[in-house]
Amino acid sequence: RRRVEEIRRQKPSLHSLAVTHSCFFGCVYCFERDTTSHATFLSVQDARPFLDALAAFEARIGAVVPPYVALYGGEPLQPRTHDVLEELLRLGAERGISFSAVTNGFFLEQFVDLFAAQGPGFKGVQVVLDGPPAVHDRRRMLKGGAGTFEQISAGITHALDAGLSVRVRVNLDRENLDSLPELCETFDARGWTANAGFRAVGAPVEDHLCDGLPHVFAEDELIGAYLGLEAEHAQALSAFDSEKV
């Protein structure tokens, strides 16, 4: 146990920071529900107290390397959050803290320059695309119903061109699994798969709130269905190779 604790202290601890629970998407499987409509935002004045509290926690657990903070929400990348994120990253860089962002990607393009300026102190972004445009846009739309695929894709391209790492996550259920080969063709057509910073990963949609979501796979069913799809479209699905993910 002492050895395990020593190994743990030598690795950066991971912390998720909800910059806000606000979100302007209306995703069909969202588990945060109305919390996204009635949410506060961190302010610029909150940045230093957060980092001070993080430093105190790290000291208490005996950490010997700076931590790693994932920016989360709701949706952390919004015009309203730009200033507080700029301050967080500035102060965090002084303390050797690394950052990443888990984002719906709609406003990613507006944050690329800020993130790229952090160099190795910014580890990259995770963005969800749930299929080719028609499939994605009926699953991950704005709350008013408008599609989001093209604006997200523009942000991904900008981020990759700026040297950022981008992991595209596909939330999979019975409704979109069969569209994966077409989505991978989109990855290729936009030049993403040729970029060393690009990764793709699938993840199951889960019925967190027991709402009876209609298209959810059991995990063993999803694995079986994916392997069957891969047998027919191995080359197309190479973006999801375990060696890359």
Side-chain angles (χ1 to χ4, degrees), residues 12 14 25 27 68-72 75-77 85 89 98-141 146-173 175-205 222-223 225-245:
L14 172 61
F25 270 32
C27 303
Y68 170 45
V69 176
L71 304 171
Y72 197 71
E75 173 47 43
L77 306 189
L85 293 188
L89 268 60
S98 299
F99 291 86
S100 67
V102 179
T103 172
N104 63 31
F106 195 75
F107 288 114
L108 173 58
E109 197 162 6
Q110 299 181 21
F111 288 80
V112 166
D113 291 346
L114 173 62
F115 293 157
Q118 306 306 307
F122 189 81
K123 300 302 184 183
V125 295
Q126 176 179 286
V127 183
V128 175
L129 287 176
D130 264 4
V135 175
H136 173 92
D137 284 347
R138 68 172 180 260
R139 293 166 60 86
R140 297 183 63 82
M141 70 292 285
T148 61
F149 185 94
E150 289 302 331
Q151 183 156 328
I152 294 170
S153 295
I156 292 172
T157 297
H158 189 186
L160 290 170
D161 288 347
L164 295 179
S165 294
V166 178
R167 184 170 83 160
V168 167
R169 170 175 167 145
V170 188
N171 293 325
L172 294 168
D173 58 21
E175 186 181 49
N176 70 332
L177 178 65
D178 288 343
S179 70
L180 273 185
E182 185 181 349
L183 177 61
C184 288
E185 291 174 3
T186 301
F187 295 164
D188 291 338
R190 294 175 187 250
W192 299 347
T193 48
N195 191 300
F198 178 77
R199 300 290 184 271
V201 61
V205 172
L222 175 57
I223 291 169
Y226 178 82
L227 291 175
L229 190 68
E230 186 181 46
E232 297 181 32
H233 304 279
Q235 183 59 42
L237 296 180
S238 61
F240 290 87
D241 283 351
S242 59
E243 289 81 4
K244 293 194 68 176
V245 175

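As the structure is a computational prediction, the values presented were derived from the model and not from experiment.
How far CD1 of Ile156 is from CG of Leu164: 12.0 Å, rounded to the nearest 0.5 Å. Here Leu129 contributes atom CG and Trp192 contributes atom CH2; the two are 5.5 Å apart, rounded to the nearest 0.5 Å. Considering CZ of Arg199 and CD of Gln126, their distance stands at 13.5 Å, rounded to 0.5 Å. Taking CG of Asp161 as the start and CG of Asn195 as the end, the distance is 7.5 Å to the nearest 0.5 Å. Thr157 contributes atom OG1, which lies 10.0 Å from atom CZ of Phe198 (distance to the nearest 0.5 angstrom). Expressed to the nearest 0.5 Å, how far CG of Leu77 lies from CG of Leu108 amounts to 6.5 Å.
A donor-acceptor pair is defined here as one N or O able to donate and one able to accept, closer than 3.5 Å; such a pair exists between the side chain of Glu75 and the backbone of Asn104.
Taking each heavy atom of Ala200 and Phe187 in turn, the nearest pair found is CB-CE1, 4.0 Å. Heavy-atom minimum distance, Arg169 versus Asn171: NE-OD1, 2.7 Å. The heavy-atom pair separating Arg140 from Thr148 by the smallest distance is O-OG1, 2.6 Å. Of all heavy-atom pairs spanning Val112 and Ala162, the tightest one is CG1-CB, 3.5 Å. In this structure, Pro181 and Leu229 approach most closely via the heavy-atom pair CD-CD2, 4.0 Å. When all heavy atoms of Val127 and Gly105 are compared, the closest pair comes out as CG1-CA, 4.0 Å.
Proximity of Phe99 to Leu85: side-chain heavy atoms (C-beta onward) are nowhere separated by under 4.5 Å. Two residues are said to be in side-chain contact when any heavy atoms from C-beta on lie closer than 4.5 Å; Leu172 and Leu180 meet this criterion. Looking only at side-chain heavy atoms (C-beta outward), Phe149 and Thr186 come within less than 4.5 Å of each other.
Sorted by first then second residue, the salt bridge (charged side-chain N to carboxylate O under 4.0 Å, His left out) pairs that include residues 120-130, not counting sequence neighbours, are Asp130-Arg139.
Residues passing the side-chain contact (heavy atoms from CB on, under 4.5 Å) test with Leu14, sequence neighbours excluded: Tyr68, Ala70. Taking the side-chain hydrogen bond (donor to acceptor under 3.5 Å, both in side chains) definition, one finds that Ser165 meets it with nothing, sequence neighbours left out. Residues passing the side-chain hydrogen bond (donor to acceptor under 3.5 Å, both in side chains) test with Glu185, sequence neighbours excluded: none. Residues satisfying the side-chain contact (heavy atoms from CB on, under 4.5 Å) criterion with Gln151, sequence neighbours excluded, are Phe106, Phe107. Partners of Arg190 by salt bridge (charged side-chain N to carboxylate O under 4.0 Å, His left out), not counting sequence neighbours, listed by chain and number: Glu150.
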Checking side-chain contact (heavy atoms from CB on, under 4.5 Å) for the pair His136/Val170: CA distance, chi angles, key distance, verdict? CA-CA 10 Å; His136 173 92; Val170 188; over 6 Å; no
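In this structure, Phe115 and Phe122 have parallel ring planes: the angle between them is below the 30° cut-off, well short of the 60° mark.
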